[in-house]
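Below is one structure, written out as structure tokens; the observations come after it.
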Amino acid sequence: MIRIRRRQSRTGPGTGLKRRNLPSRGCAPVLDLGITAFTLGLLLLGLRRPFLWVLGYLYIDILTPQKISWFLLAALPISLIAFILAFGGWLALDNKQDMRFTLRQFLIVLLLAYCGITTTIADFPVEAALKWDWVWKALLFAIFLPLTLRTRLRFEAVVTVIVLSVGAIVISGGIKTAVGGGGYGELQTFVSSNTGIYEGSILSTIAIAIIPLIWWTARFTTLFPRGRLVTMVCAALTFAALLIPVGTQARTGLLCIGLLVVLSLRSVKRRFLYLGMAGLIAATAVAFLPKSYTDRMSTIENHKSDQSASTRVAVWMWTLDYVKDHPFGGGFDAYRSNKLIIPTVVAEGSGNNVTLKTTYHVDQSRAYHSAYFEMLGEQGYAGFALWGWIQLLGVWQMERLRRRWKDRPGDDRAWVAPLATALQSSQLIYFVGALFVGIAYQPVMFMVIGLQCGLWSYCRRIDAPQPRPILPGSGTLRVSAA
């Protein structure tokens with residue numbers, strides 16, 4: 001039996017229509033005053049330590065306190081102010097003696113310029129301009145961040161701020177999940193928004209991706225006295241991050257958790273015990289999962305029975321056809337021109353009396369639901385190749401650092417290889433999440449890329465051979481063949 005119906009457009013993730021991004025008006029005045037005082041206080045402290053403006057921008061760009069606030073911060077362009085302070089403070093006051101510009105930073109500059117050009121000739125210029133308004137800041141900050149990372153303390157500070165800023169959202173969502181809240185497209189944290197990092201599938205990916213950074217902080221931070229309390233906080237934050245895919249019911253999060261377990265095998269000493277414990281915890285957790293979650297996860301096996309999954313496949317096929325006629329892409333939000341007829345197979349009945357019914361629904365302006373197809377459709381073959389080069393080069397560079405530095409003696413160097421491993425693991429988890437979520441320009445992941453560029457530059461600088469001084473009266477300069 002075949003039925004054809006037209007699906008009504010709605011707002012939400014992947015539809016191409018954004019819900020109105022309203023701040024949470026119901027939040028208490030104490031919360032509003034508290035978050036306003038903390039944000040402004042952090043920016044004021046930058047007058048004494050300009051690097052705090054860099055940390056302030058990280059915090060503001062991730063948590064977006066201006067959306068949580070409904071009074072002062074909501075009326076200020078606080079993100080732009082923090083961006084200008086961070087860059088201006090570095091330009092005017094910071095030491096630039098050890099500054100190096102890496103190949104990946106140059107590639108991001110090319111990607112930034114390319115996206116700017118495609119924005120001027122986009123299929124939907126108004127919508128493209130709105131997306132460009134935040135994409136250029138994410139790319140430019142990824143270029144700028146490595147220039148500020150000159151010491152171990154600064155690496156620790158950046159990683160800690162990223163972990164705690166994402167962690168604030170994760171803790172809020174984890175608590176609501178634990179008390180029975182949540183649902184697909186329904187888990188709300190600080191703001192009543194379904195865009196950016198607050199969108200369910202994006203939050204699930206980022207929450208799992210920061211877990212390696214959480215445990216690097218627990219092991220190597222010097223900002224806090226390492227001990228049982230820090231370990232307990234990191235364990236609680238990890239548990240909250242693992243709850244996010246349950247609360248959002250995002251299938252992407254389940255795949256990210258699976259990859260996290262596999263990647264962790266590189267670091268654990270007793271691998272068989274680790275796998276046994278992971279399997280036992282997973283089997284035990286199934287009994288406590290809500291039925292709505294297990295039903296949604298079951299659609300991973302057969303995408304044709306799920307309308308959302310069928311829509312994604314249809315959009316991907318449309319993108320492949322689109323880029324054949326538009327090899328340089330259609331600019332931001334080029335998906336708005338798609339029109340799709342999507343089949344969904346539904347089984348009715350039980351036992352031997354099962355009837356398969358195919359229902360077709362017509363849809364249009366559906367988002368890419370994949371970072372890879374997002375880049376391909378918006379920036380064409382050249383933009384996709386450039387973006388892929390930036391990503392894969394990071395995996396290769398972190399692997400080189402991990403192997404070179406894992407056996408270096410001394411406490412002052414023991415943190416390098418684990419940080420490279422954590423950054424690489426975060427990026428690989430992002431690769432899996434990006435398969436099913438349009439997060440090609442996700443600011444948090446470009447912050448991770450900025451950290452990778454900074455770590456690569458830092459290691460090359462401190463590992464460079466020092467020139468041997470020429471002694472007066474020696475007459476000749478001896479050069480070692482080694």
Item to check | Test side chain to side chain contact (heavy atoms under 4.5 Å, CB included) applied to Thr248 and Glu199, step by step | outcome: CA-CA 9 Å; Thr248 59; Glu199 195 275 326; over 6 Å; no
Next on the checklist: Looking at Asp94 and Arg49, is there a salt bridge between them, counting it only when a charged N and a carboxylate O are closer than 4.0 Å?
Outcome noted: no
Item to check | Polar contact flag, side-chain donor to acceptor under 3.5 angstrom, Gln364-Tyr335 | outcome: no
Checklist entry - Any donor-acceptor pair under 3.5 Å linking the side chain of Tyr381 with the backbone of Phe328? => result no
Checklist outcome for this item: For Ala367 and Val315 the tightest heavy-atom approach is O-CG1, 3.4 Å
Checklist entry - Do the numbers put Arg150 on top of the ring of Tyr458, so that NZ or CZ is under 6.0 Å from the six-membered ring centre and no more than 45° off the axis? => result no
Item to check | Residue pair Met445 / Ile206, side-chain heavy-atom distance below 4.5 Å | outcome: yes
Next on the checklist: Apply side chain to side chain donor-acceptor pair (under 3.5 Å) to residues Gln397 and Gln452 and explain how you reach the verdict.
Outcome noted: CA-CA 8 Å; Gln397 288 180 346; Gln452 290 178 340; over 6 Å; no
Item to check | Nearest non-hydrogen partners of Pro443 and Trp134, listed with the distance | outcome: CD-CZ3, 4.1 Å
Item to check | Contact check, side chains of Leu43 and Ile78, non-hydrogen atoms, under 4.5 Å | outcome: yes
Checklist entry - Any ion pair linking Arg219 and Glu156 (charged N to carboxylate O, less than 4.0 Å)? => result no
Next on the checklist: Can you confirm whether or not the ring centre of Phe446 sits under 6.0 Å from the ring centre of Phe141?
Outcome noted: no
Item to check | Modelled atom types, side-chain donor and acceptor of Asp123 and Tyr322, under 3.5 Å | outcome: yes
Checklist entry - What's the spacing between Ile35 CD1 and Ile68 CD1 if we round to 0.5 Å? => result 4.0 Å
Next on the checklist: Salt bridge or not between Arg403 and Glu399? Use side-chain N to carboxylate O under 4.0 Å.
Outcome noted: yes
Item to check | Nearest-0.5 Å distance, OG1 of residue Thr148 to CG of residue Asn95 | outcome: 12.0 Å
Next on the checklist: Hydrogens and angles aside, do Arg266 and Gln424 bring a side-chain donor and acceptor to less than 3.5 Å of each other?
Outcome noted: yes
Next on the checklist: Leu63 vs Tyr198, test: side chain to side chain contact (heavy atoms under 4.5 Å, CB included). Steps then yes/no.
Outcome noted: CA-CA 9 Å; Leu63 191 64; Tyr198 290 98; 3.9 Å; yes
Checklist entry - Do Trp136 and Phe83 have their ring centres less than 6.0 Å from each other? => result yes
Checklist entry - Do the ring centers of Trp90 and Phe51 come within less than 6.0 Å of each other? => result no
Checklist entry - Do Ser201 and Thr252 get their side chains close enough for a donor-acceptor pair, meaning under 3.5 Å? => result no
Item to check | Between CZ on residue Phe436 and SG on residue Cys256, distance to nearest 0.5 Å | outcome: 9.0 Å
Next on the checklist: Contact between Leu455 and Leu149 at the side-chain level, heavy atoms closer than 4.5 Å - yes or no?
Outcome noted: no
Item to check | Atom pair CG/CG of Leu145 and Leu140 - distance to nearest 0.5 Å | outcome: 11.0 Å
Checklist entry - Can you tell if the side chain of Ser425 reaches within under 4.5 Å of the side chain of Leu260, non-hydrogen atoms only? => result no
Checklist entry - So, do Phe332 and Thr119 sit near enough that their side-chain heavy atoms are less than 4.5 Å apart? => result yes
Checklist entry - Taking the inter-plane angle between the rings of Trp456 and Trp396 on a 0 to 90° scale, is it parallel (under 30°), tilted (30 to 60°) or perpendicular (over 60°)? => result tilted
Checklist entry - Are side-chain heavy atoms of Thr319 and Glu374 found at a separation under 4.5 Å? => result no
Next on the checklist: If I compare all heavy atoms of Thr221 with all of Arg226, which pair ends up nearest, and what's the gap?
Outcome noted: O-NE, 3.1 Å
Checklist entry - Would you call the rings of Trp318 and Tyr368 parallel, tilted or perpendicular, where under 30° means parallel and over 60° means perpendicular? => result tilted
